[in-house]
Amino acid sequence: MAPISIKRILISESVDPCCKKILQENGIQVTEKQNMSKDDLIAEIKDYDGLVVRSATKVTADVINAALNLKIIGRAGTGVDNVDVDAATIKGIIVMNTPSGNTISAAELTCTLLMSLSRYVPQAAMSMKAGNWDRKKFMGTELYGKILGIVGLGRIGKEVATRMQSFGMKTIGYDPITPPEVTATWGVEQMSLEQLWPQCDYITVHTPLMPSTAGLLNDTSFAKCKKGVKVVNCARGGIIDEDALLRALESRQCGGAGLDVFVEEPPKNHALVNHPNVISCPHLGASTKEAQARCGQDIALQIVDMVMGKSLVGAVTRNHSEGLTQGACEVEISVNGSSYRATGSVQGGVPVLLELNRSVFRQPVSLTGNLLFFKAVASPPLLPSVTGLLATAGVEMESFSAPAARSGDQWYCVGLSSLLVDLGALKSLVKAAAQVSV
Ligand SMILES: NC(=O)c1ccc[n+]([C@@H]2O[C@H](COP(=O)([O-])OP(=O)(O)OC[C@H]3O[C@@H](n4cnc5c(N)ncnc54)[C@H](O)[C@@H]3O)[C@@H](O)[C@H]2O)c1
Ligand SMILES: O=C(O)[C@H](O)COP(=O)(O)O
């Protein structure tokens, strides 16, 4: 990977001090400025090669277009919904996050809210502070033997599942990508949402906010739930429709909600927060010393590695489906005597592959390290099957790039710890394969 020159970085939020320290130790000048208005940020950003944010800074297209030198937007955390990733991609700016730094903290807060919902701990504490001693009002229920529905079985969903199983909860779930045989190994039985809603005593959502997840829990899905179901949202405001939730709380169809995130933060409408069966936090999922230290360190090290041309970790910059991305080129390449039509570009100095033989990758594939390209029929069990075959061949899978399309013959790219001695090891699964060391 070609080194990228980053001399000045702006940190626009409260990020652990280790981030600044690591960047400075590596010769990068760092300025910290918090609580900037949009106009202040637009005026300020011109002078920087890099920007480090958390979730509060809205890095809109206006900000990105005003950034004359910006090469990297680093998100010290998971969600990048506050960054206009498409606008960044068009300008060749790399967006990267630190997706696992705050997983445990967000999972622990989810479990805390589930437990608090079962025993009304926040309401009882408030009541005592008001001078009361009310032992009848706060009659709870055990979590033991209850069913927890987990929608979104990625990093946080998995950690929540294993923790709540220790309370004797049965965990069921739904995820369109994580294969059921994988979640079964950590005790989560997958099923359709239609099957899931009516079974749950508790539901927790752990998906990104996208058009397909906005309002996942709405009037229709609440109506399919058990009366009195309790819900938790520690993911993103809007995955549970806020108006529908209020209606469900008022009709008692929903027996309680634990909310860490809101459509608007801070929320201007306090109807939900003020409801007696709602317990809420001001987006505290990642607010632990440990999570902040991990995220601050990870983002700084990822930026330093990128500057040194070592590796590009955590990049989330997208490609574009309408025609070629600005600056993209189409080439025909020949590997082991077979020819391939590929579309690639250079993003922030990093060569990336966007498309191979008409398979458009969901995220640009960084062309670095040992790469295995293979064609196979798209199917949910493909990933675990390939992982298994590679493990048998003594090779570790370092990354997995899937195409946007989810049916028919598609090309995939896998980063490997070392090249396979014999591509024949994949014969039973793939229709064509090639590997290169970049
Ligand atoms: N409250 C906080 O402070 C806090 C902290 C960390 C992360 N988060 C948020 O939590 C969420 C989950 O984070 P993660 O690290 O587990 O992400 P992840 O990418 O590891 O997991 C998300 C999962 O959601 C699944 N998914 C996508 N669409 C779906 C759909 N329609 N139905 C069901 N599942 C679907 C994906 O397949 C994936 O497995 C994100 O929104 C993230 O921004 C919040
Ligand atoms: O997506 C995330 O990482 C969380 O929502 C945490 O956001 P924060 O860094 O602003 O606390």
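We're numbering straight along the sequence, starting at 1.
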Discussion item. Before you tell me yes or no, could you show the steps for Thr78 and Asn102 under side-chain hydrogen bond (donor to acceptor under 3.5 Å, both in side chains), namely the whole-Å CA-CA distance, both residues' side-chain angles and the distance that decides it to 0.1 Å?
Written reply: CA-CA 7 Å; Thr78 308; Asn102 56 31; 2.9 Å; yes
Discussion item. For Asn35 and Ser12: C-alpha separation, side-chain torsions, deciding distance, then whether side-chain contact (heavy atoms from CB on, under 4.5 Å) applies.
Written reply: CA-CA 7 Å; Asn35 304 320; Ser12 65; over 6 Å; no
Worksheet entry | Derivation and outcome, side-chain contact (heavy atoms from CB on, under 4.5 Å), residues Tyr144 and Phe167 | CA-CA 6 Å; Tyr144 181 79; Phe167 276 77; over 6 Å; no
Item to complete: Using the side-chain contact (heavy atoms from CB on, under 4.5 Å) rule, take Leu426 and Leu372 through it: C-alpha gap first, then chi angles, then the decisive distance, then the call.
Response: CA-CA 11 Å; Leu426 299 169; Leu372 165 71; 3.6 Å; yes
Worksheet item: Can you check side-chain contact (heavy atoms from CB on, under 4.5 Å) on Leu245 and Leu272, steps first, answer last?
Response: CA-CA 8 Å; Leu245 174 59; Leu272 267 180; 3.8 Å; yes
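Arg236 places a side-chain heavy atom less than 4.5 Å from the side chain of Asp81. Counting heavy atoms from C-beta outward, Gln435 and Leu420 have side chains that approach closer than 4.5 Å. Contact annotation: the side chain of Ile172 never approaches that of Ile150 to less than 4.5 Å [non-hydrogen atoms, C-beta and beyond]. Between Leu389 and Ser428, the closest side-chain pair of non-hydrogen atoms falls below 4.5 Å. With a 4.5 Å cut-off on side-chain heavy atoms, Val59 and Val95 do not count as touching. Using a 4.5 Å heavy-atom cutoff, the side chains of Leu153 and Trp186 are in contact. At a threshold of 4.5 Å between non-hydrogen side-chain atoms, the residues Ile72 and Ile4 do not count as touching. For the pair Val304/Leu23, a side-chain contact is recorded, criterion being any heavy-atom separation below 4.5 Å from C-beta on.
Between the side chain of Thr98 and the backbone N or O of Gly77 there is at least one donor-acceptor pair closer than 3.5 Å. At least one donor-acceptor pair under 3.5 Å links the side chain of Asp16 to the backbone N or O of Cys18. Judged by distance alone, with hydrogens and angles left aside, the side-chain atoms of Lys230 form a donor-acceptor pair with the main-chain N or O of Leu117 at under 3.5 Å. In this structure a side-chain-to-backbone donor-acceptor pair under 3.5 Å is present from Asn370 to Ser417. Lys91 contributes a side-chain N or O that, together with a main-chain N or O of Ile64, makes up a donor-acceptor pair within less than 3.5 Å. Not a single donor-acceptor pair under 3.5 Å links the side chain of Gln410 to the backbone N or O of Val377. Of the possible polar contacts, none joining the Asn233 side chain to the Val261 backbone as a donor-acceptor pair under 3.5 Å is found. Using a distance-only test at 3.5 Å, with no hydrogens or angles considered, no donor-acceptor pair links the side chain of Ser127 to the main chain of Gln123. Side-chain atoms of Glu355 never come within 3.5 Å of backbone atoms of Ala342 as a donor-acceptor pair (strictly under, hydrogens ignored). Without hydrogens or angle criteria, Thr171 side chain to Gly187 main chain gives a donor-acceptor distance under 3.5 Å.
The OH atom of Tyr202 lies 14.0 Å from the SG atom of Cys225; values are rounded to the nearest 0.5 Å. Atom SG of Cys200 is separated from atom CE of Met169 by 9.0 Å, given to the nearest 0.5 angstrom. Rounding to the nearest 0.5 Å gives a distance of 9.0 Å between OG1 of Thr57 and CD of Gln34. In this structure, the separation between CZ on Phe222 and CG on Leu217 is 4.5 Å, given to the nearest 0.5 Å. Of the inter-residue distances, the one linking Ser105 atom OG with Lys289 atom NZ reads 12.0 Å to the nearest 0.5 angstrom. Taking OG from Ser418 and CD from Glu396, the interatomic distance works out to 9.0 Å, rounded to the nearest 0.5 Å.
Minimum heavy-atom separation, Cys19 to Ile11: SG-CD1, 4.1 Å. Taking every heavy atom of both residues into account, Val231 and Cys254 meet most closely at CG2-SG, 4.1 Å. Scanning all heavy atoms of the two residues, the minimum distance from Leu249 to Ala257 falls at CD2-N, 4.3 Å. Scanning all heavy atoms of the two residues, the minimum distance from Pro384 to Glu181 falls at CG-OE2, 4.2 Å. Counting all heavy atoms, side chain and backbone alike, Leu113 lies closest to Cys281 at CD2-SG, 4.3 Å. For the residue pair Lys38 and Thr60, the shortest heavy atom distance occurs at CE-OG1, 3.8 Å.
A salt bridge (charged side-chain N to carboxylate O under 4.0 Å, His left out) with Asp201 is found for exactly one of Lys226, Lys170, Lys146, namely Lys226.
Every residue two or more places apart in sequence or in another chain that forms a ring-ring contact (aromatic ring centres under 6.0 Å, His included) with Tyr412 is listed here: Phe374, Phe400.
Salt bridge Glu159/Arg163: present, at least one basic N to carboxylate O contact under 4.0 Å. No salt bridge links Arg294 with Glu290; every basic N to acidic carboxylate O contact stays at or beyond 4.0 Å.
When the shell of 6.0 Å around CE of Met191 is examined, it contains more than 12 heavy atoms from other residues, nucleotides or ligands. The 12-atom threshold is exceeded at CE of Met210, counting heavy atoms of other residues, nucleotides or ligands nearer than 6.0 Å. Around the NZ atom of Lys21, the shell of radius 6.0 Å holds no more than 12 heavy atoms that belong to other residues, nucleotides or ligands.
Annotation: side-chain hydrogen bond (donor to acceptor under 3.5 Å, both in side chains) contacts involving residues 258-286, sequence neighbours excluded, comprise Glu264-Lys268, Glu265-His283. Every pair tested for side-chain hydrogen bond (donor to acceptor under 3.5 Å, both in side chains) that includes a residue from residues 108-119 fails, sequence neighbours excluded, so the list is empty.
Using modelled atom types, one finds no donor on one side chain facing an acceptor on the other under 3.5 Å when comparing Thr183 with Thr178. No hydrogens or angles considered: a donor-acceptor pair under 3.5 Å links the side chains of Asn218 and Ser221.
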